[in-house]
Amino acid sequence: RTLTVAGDFTTSGGLLGASCLRFTSDKSGDADETEYAQVPDHGDLDFANSRNALALECWFKVDHNDTIDYLFDRRDGQDVFYLHVDGGSNTLKGRIYTSGTTSELVGATVINDQKWHHCALVYKGSTGEHSLYVDGKLDAQETGSGTIQASTSVMQIGARFQFNDGHFMDGEIDEIRMFAAAKTAAEIRADMFKAEGTAL
């Protein structure tokens, strides 16, 4: 059967988190700042460069307020993308780098409520649309230009590319996916609960 989800919603359990990446805290409740996942450099990570279209998405839950929690980062050398929870606004900030111009997208939705949220960072090279979605809704957008950067950098999940600043994820990440396509809002909403795409 097909499950149709419409309107405003949040998730509070179910399959999300059952086999997620859990970046735990120590017994005092503080992030231990040592846990992250790293994807080694590989040509497949640049598959969006030739198509000049990229959609990065995942489900995530942050455990504490007012901390900088990195979801993705691929910026050690040639900058490609990053996405993190901002410690001041408790909203998402992210950017996909191109040979032309893009800026940091700053979301409006506060997501430090210790609930699961879905996010997607998208770039469509044919039009320059650079977009950030939260829970299937457009949260920030600009018109950029250029071709998505290729790189030899590793991809960090749950940490910033520089480890000495302490910006590690304190929470959980699930259903991480990359698409060499600029997904629309309707496609993001339709696929939020599907196990399709290139899952990491």
Can you tell me how far apart CG (Asp113) and CG (Asn90) are? Round to the nearest 0.5 Å.
9.5 Å

By the salt bridge (Lys or Arg N to Asp or Glu O under 4.0 Å) test, which pairs, at least two apart or in different chains, include something from residues 92-109?
Asp86-Lys93

Contact list for residues 44-53, test salt bridge (Lys or Arg N to Asp or Glu O under 4.0 Å), sequence neighbours left out
Asp46-Arg74

Is the shortest side-chain heavy-atom distance between [X] and [Y] below 4.5 Å?
{"X": "Leu92", "Y": "Phe60", "result": "yes"}
{"X": "Leu21", "Y": "Ile157", "result": "yes"}
{"X": "Phe81", "Y": "Leu56", "result": "yes"}
{"X": "Ser151", "Y": "Asp41", "result": "no"}

In chain order, what residues pass the salt bridge (charged side-chain N to carboxylate O under 4.0 Å, His left out) check against [X], with sequence neighbours excluded?
{"X": "Arg75", "value": "Asp73"}
{"X": "Asp79", "value": "none"}
{"X": "Asp69", "value": "none"}

Is Glu35 salt-bridged to Arg22, going by a charged N under 4.0 Å from an acidic O?
no

Short N-O contact, Glu172 and Lys61, less than 4.0 angstrom
yes

Which residue pairs pass the ring-ring contact (aromatic ring centres under 6.0 Å, His included) test when at least one of the two sits in residues 132-159, sequence neighbours left out?
none

Residue pairs passing the ring-ring contact (aromatic ring centres under 6.0 Å, His included) test where at least one lies in residues 83-107, sequence neighbours excluded:
Tyr70-His84, Tyr82-His84

Looking only at heavy atoms, which two atoms of Ala53 and Ala182 are closest? And how far apart?
CB-N, 3.7 Å

Under the side-chain hydrogen bond (donor to acceptor under 3.5 Å, both in side chains) test, residues paired with Lys124 that sit two or more places apart
none

Counterpart residues, side-chain hydrogen bond (donor to acceptor under 3.5 Å, both in side chains), relative to Thr127 (two or more places apart):
Glu129

Using side-chain contact (heavy atoms from CB on, under 4.5 Å) as the criterion, list what pairs up with [X], not counting sequence neighbours.
{"X": "Thr147", "result": "Asn49, Asn52, Ser99"}
{"X": "Thr184", "result": "Ala186, Glu187"}
{"X": "Ala108", "result": "Asp139"}

As a test of understanding, state which of Leu105, Val122, Thr101 forms a side chain to side chain contact (heavy atoms under 4.5 Å, CB included) with His130.
Leu105

Show your reasoning for whether side chain to side chain donor-acceptor pair (under 3.5 Å) applies to Asp135 and His118.
CA-CA 5 Å; Asp135 295 333; His118 183 272; over 6 Å; no

Show your reasoning for whether side chain to side chain contact (heavy atoms under 4.5 Å, CB included) applies to Cys119 and Leu71.
CA-CA 10 Å; Cys119 64; Leu71 302 175; 3.8 Å; yes

